[in-house]
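What follows is a short report on a single structure.
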Amino acid sequence: MKILVPVKQVASIDGDFTLDGAGELDPRALHWQANEWDAFSLEAALQLAESSSAGEGFEVVVVTVADEHGEEGLRACLAMGADRALRVWDPALAGVDDPLAIAAVLAAVARREDPGLILCGVQSSDSANAATGVALAGLLELPRVAVVTAIEQDGGGLTVQRELDGGAVEVLRLSLPALLTIQTGINEPRRANLRAIKLARSKPSATLALSDLDLDVSDVREVAGARTVRLLERGRGEGASMIEGPAEAIAGRIVELVTRELRA
Amino acid sequence: MARDPRHDILFEPVPIGPKTLRNRFYQSPHCTSFGAELPGAQAHIRAMKAEGGWAAVNTEFCSVHPSSDSRPLVSARLWDDDDARNLARMAELAHEHGALAGVELWHGGCVAGNLESRMPARSVSQLTDDGLYATSCYELDKAGIREIQGYYVAAARRARDVGFDMINIEGAECGALPQHFLMSKFNHRTDEYGGSVENRARFWLETVEQVREAVGDDCAVTIRLCVDTLNDDPRGIRAAEEAYRFIELGDHLVDFWDLQGGGWAAAEWAGDDAVASRFAGEFSHRPYIEAVRPATKKPIATVGRFTNPDTMAAAVSSGLIDIVAAARPSIADPFLPRKIEQGRYEEIRECIGCNICASRFGLGAPIVCTQNATLGEEFRRGWHPERFTVASNHDKSVLVVGAGPAGMECAMVLGKRSMSAVHLVDEQDALGGCMRSISAYPHLGEWGRVTTYRQVQLGKLASVEVILGTRLDAEAVLSYGAEIVVIATGARWRADGMNGPTQLPIPGAQLDFVHTPEQVSAVKGAIDGEHVLVYDTDGYFTGVGMAEMLLAAGKRVSVVTPSPNLAPFMFYTGEAFRVNRELRAQGVEIVTSHVLGEITPDGLHGQNVWAPDPVHWEADAVVLVTQRQPCDELYHELRADPDRLAREGIDSVYRIGDCLAPRTIAENVFDGHRLAREIDTADPATPLPYIRELPDVNRQPAAVPGAG
């Protein structure tokens with residue numbers, strides 16, 4: 001069986017970033033790293049692949065929609081144990097960060113790869129829409145479960161759990177093919193050792209253009225549900241007061257404030 | 001990140017008489033044990049600070065004449081033109097980096113043992129120094145006073161002639177003749193140099209006046225004054241009294257004041273001049289500076305182990321001080337000013353206040369620093385604290401096992417040397433290794449900076465990955481895929497009581513009421529039993545830490561040590577005086593000069609070091625602080641099979657830090673740093689030789705002219 005794991009490099013922003021005159025973020029203020037959720041979805045895929053007792057061959061394929069910034073993340077996934085990596089990029093995709101548009105690209109990849117299971121992270125930490133995975137399931141007309149906290153193989157299907165408010169746990173069974181979005185904490189993602197990192201360099205990795213997927217730029221851009229109009233810096237909150245002075249005085253003031261607030 | 005505008009004030013120039021400090025950062029005089037003997041080391045340690053942005057750098061105490069010879073302690077010297085020529089290099093290099101260079105002129109009077117020059121010592125009165133044995137001095141007559149003042153003038157001229165910008169006439173820390181004149185504890189004279197404050201100040205102020213006249217407008221002149229001896233002795237110096245009056249009297253003679261507090265006037269208060277972090281944080285002498293501020297309109301420089309720019313800026317903005325003086329913070333981070341100037345706050349390597357730097361002075365050995373492994377290595381090893389070359393074998397990948405002081409430092413420097421991949425792996429779930437428990441000892445919280453500084457640095461290095469909560473056995477290391485393996489797995493305390501004084505284990509150490517420091521730390525002192533006996537042959541902070549932790553857990557504590565004092569190494573760090581006093585005050589029973597021979601369920605058997613009669617102690621529990629042993633099993637297992645290493649593609653396996661030989665944290669950090677600096681040499685396990693500054697016997701005169 002093939003498991004497709006869509007991943008993403010996310011940006012974190014320096015504390016003291018500034019926007020330029022056109023409202024654009026200085027790219028130097030951005031730091032790129034692997035999306036936290038993706039380590040858990042990939043680990044879940046690797047564990048499923050490793051636990052299959054049957055001789056059935058498992059292949060774990062990671063995919064990202066990104067320019068060359070995405071390569072580092074894919075290499076890390078290959079080092080963790082993914083078998084193959086795909087990167088989809090077209091200059092026309094620059095600036096597209098809409099869940100529906102990205103799902104449209106991933107759907108084309110999925111149709112080509114025909115996986116038995118797709119494991120997405122619940123969300124990406126930078127855009128935080130939590131929509132790409134479920135949109136992808138919709139486009140592929142797959143059964144899907146979001147925010148999964150446990151997975152068990154169950155004959156030809158899966159039994160999965162998701163946490164609900166108040167500590168309730170929902171248990172669902174589903175047949176394959178299917179799509180799950182995976183919550184952090186479901187497992188303990190492995191850390192690649194240096195040998196695995198080196199081996200990853202020789203694992204297959206391909207870059208696809210939209211045309212390779214029989215997609216047209218307009219197919220992607222038109223489905224985008226939202227586009228960024230403007231970035232704004234959040235104004236300084238009202239009512240914040242700086243506590244200044246020597247450490248003892250600051251500590252004393254904090255104790256005073258906390259005590260007062262706890263009583264209130 | 002941009003500099004906080006509140007810190008702009010630190011970068012204003014400060015005029016000091018004929019000279020101008022380019023900013024407010026002043027490296028106050030501090031010892032290095034380089035003195036006059038190692039002029040290259042002397043020049044380059046100061047030059048590094050000049051490069052790091054300090055507006056002024058100073059020598060340590062600089063003897064003006066052979067009648068003031070500090071051996072075995074090492075001072076700078078301006079005895080003759082040869083000394084001056086050697087010191088000139090320091091001034092030259094300071095100037096190249098835009099800093100002013102200063103000398104701290106010193107005559108020790110009765111504290112100078114003159115063990116090298118063999119001249120009899122002279123002092124304000126006929127005194128015996130309490131640190132020298134069977135030695136006394138004779139009282140200066142007026143001709144002698146003139147003579148000594150003449151030594152100061154000659155030394156100041158020599159300094160001026162080779163390019164020094166600042167002359168500091170010191171009388172600080174209670175170890176110099178001018179201050180002995182000022183203190184009635186030492187000054188028993190009845191002539192115009194004794195009696196009233198004005199009379200007692202006379203020698204010092206006359207000296208400054210003569211020096212001023214000699215150097216004219218070529219140099220700024222300052223006085224390093226102890227503003228308060230921080231003791232209860234009425235014969236000491238009180239900020240609001242003697243110091244205030246002295247500053248009023250001398251204000252017209254100086255271009256700025258270099259002020260400090262504390263010193264060695266009374267053993268029970270000694271060490272408070274450079275107070276360790278276990279006792280005080282930043283600017284603990286603030287009240288004494290406040291007391292003397294109104295006495296002068298001249299700029300005031302003062303120390304306070306300042307590492308936080310907020311504290312510095314607040315002290316300057318309030319008008320209390322004008323110049324931020326620092327010794328230890330400049331040792332831990334020679335680039336402190338530059339980093340603040342550029343807003344690179346997270347790069348600051350903060351002093352932890354352990355005083356290992358000061359310990360080296362008392363030991364007569366070159367200065368070192370726990371935080372800054374390059375300190376003192378600027379010249380002889382050519383190390384720069386902020387610059388690293390790309391290793392010639394940078395394509396190799398490195399696995400460092402153990403994230404204690406040595407492992408963290410090694411991984412950090414390997415990352416800075418652009419090794420292609422460095423994995424730092426530790427079984428604990430946080431960085432720090434032994435620092436995690438040490439910084440949890442009572443009063444040692446600041447020592448945690450060893451970890452936090454490196455944590456920030458490691459986080460910035462893209463090629464270094466920190467992997468925690470992962471225990472690697474030999475098989476995992478072998479298959480890890482690293483070409484270079486560094487084992488930094490630390491040390492553990494001996495549970496069998498093996499110890500230096502007897503070179504034997506202690507019978508009974510295996511009994512269940514006998515504990516190691518790790519076991520005590522794990523439960524924060526809450527072991528079984530009400531009365532705990534700590535047996536300490538280690539002599540440094542662990543025995544004290546155990547006693548304090550047990551006290552905090554409500555235990556009654558006895559400490560037995562073969563040494564004549566508790567924690568003898570702490571006399572070098574300046575901590576022992578207060579530690580001995582405070583532990584006694586807290587009810588700790590301290591038994592010195594005794595060895596513990598055997599532990600039995602019925603009691604503990606020992607004896608006085610000097611008498612054979614047995615001594616018996618009772619205790620509910622025992623903690624053995626005797627010696628540590630390397631945790632080197634992994635290292636030996638890996639090295640046992642060279643063929644397997646070769647098959648796995650591992651070129652080399654090294655061990656560093658406590659895993660090699662348990663030593664101080666400073667030596668562990670150095671060891672990790674050293675290996676990383678030399679990872680691309682022919683034999684990285686063996687340190688490269690360093691430059692030794694040796695005199696050439698062939699260039700010495702064959703005989704002393706006129707000798708009989």
Side-chain angles (χ1 to χ4, degrees), chain A residues 9-20 25-26 28-34 36 39-40 43 68-69 71-73 75-81 185 187-203 233 236 242-254, chain B residues 1-4 6 280-284 286-287 304 308 310-311 313-315 317-318 320 343 345-346 395-401 419-426 429 445-446 459-460 462-472 475-485 648-650:
Chain A
Q9 287 292 93
V10 294
S12 61
I13 309 173
D14 267 351
D16 61 345
F17 73 94
T18 51
L19 298 176
D20 66 15
L25 201 53
D26 183 345
R28 283 173 304 182
L30 296 178
H31 303 282
W32 296 93
Q33 61 199 61
E36 187 189 350
F40 295 91
E43 178 64 34
E68 57 275 14
H69 274 119
E71 285 293 335
E72 194 186 331
R75 274 199 303 276
C77 292
L78 291 172
M80 259 182 84
N187 51 39
E188 199 168 316
R190 67 197 66 189
R191 302 290 292 262
N193 68 17
L194 287 161
R195 177 157 295 166
I197 291 170
K198 286 172 193 168
L199 286 175
R201 291 180 197 143
S202 53
K203 285 188 178 178
E233 283 180 67
R236 289 257 174 201
M242 298 297 290
I243 306 174
E244 297 197 9
E248 297 80 15
I250 292 175
R253 179 75 184 130
I254 291 172
Chain B
M1 194 167 171
R3 180 170 85 219
D4 186 325
R6 284 179 305 162
E282 278 185 302
F283 206 9
S284 60
R286 183 187 178 102
N308 182 343
D310 293 343
T311 320
S317 303
S318 68
L320 180 55
Y345 300 108
E346 76 286 358
D395 57 319
K396 305 279 187 195
S397 58
V398 189
L399 168 64
V400 181
V401 184
M419 298 304 286
S420 64
V422 179
H423 279 203
L424 175 61
V425 182
D426 197 285
D429 56 9
E446 267 194 44
K460 290 181 166 195
S463 66
V464 181
E465 192 167 343
V466 176
I467 298 166
L468 299 170
T470 302
R471 185 184 171 85
L472 298 179
E475 198 48 46
V477 172
L478 286 164
S479 60
Y480 201 88
E483 282 115 358
I484 299 171
V485 173
E648 299 289 353
I650 298 175

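Keep in mind that this is a model prediction, so the values were computed, not measured. Naming convention: chains lettered A, B, ... in sequence-line order (proteins, then strands); numbering from 1 in each chain.
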Applying a strict 4.5 Å limit to non-hydrogen atoms, the region of B/Thr311 in contact with chain A is neither
For A/Glu72, does the CD atom sit with more than 12 other heavy atoms under 6.0 Å from it, leaving out its own atoms?
no
Heavy-atom proximity to chain A below 4.5 Å, by part of B/Val398
backbone
With sequence neighbours left out, what residues match B/Glu475 under salt bridge (charged side-chain N to carboxylate O under 4.0 Å, His left out)?
B/Arg644
For B/Ala482, is it the side chain, the backbone, both, or neither that has a heavy atom closer than 4.5 Å to a heavy atom of chain A?
both
With sequence neighbours excluded, what pairs up with A/Lys203 under the salt bridge (charged side-chain N to carboxylate O under 4.0 Å, His left out) test?
none
Where does B/Glu648 contact chain A at under 4.5 Å (heavy atoms): side chain, backbone, both or neither?
both
Does anything in residues 191-198 of chain A get under 4.5 Å of chain B by heavy atoms, and if so which residues?
A/Arg191, A/Ala192, A/Asn193, A/Leu194, A/Arg195, A/Ile197, A/Lys198
Please list, chain by chain and in numerical order, all residues satisfying salt bridge (charged side-chain N to carboxylate O under 4.0 Å, His left out) with B/Asp310, sequence neighbours excluded.
B/Arg6
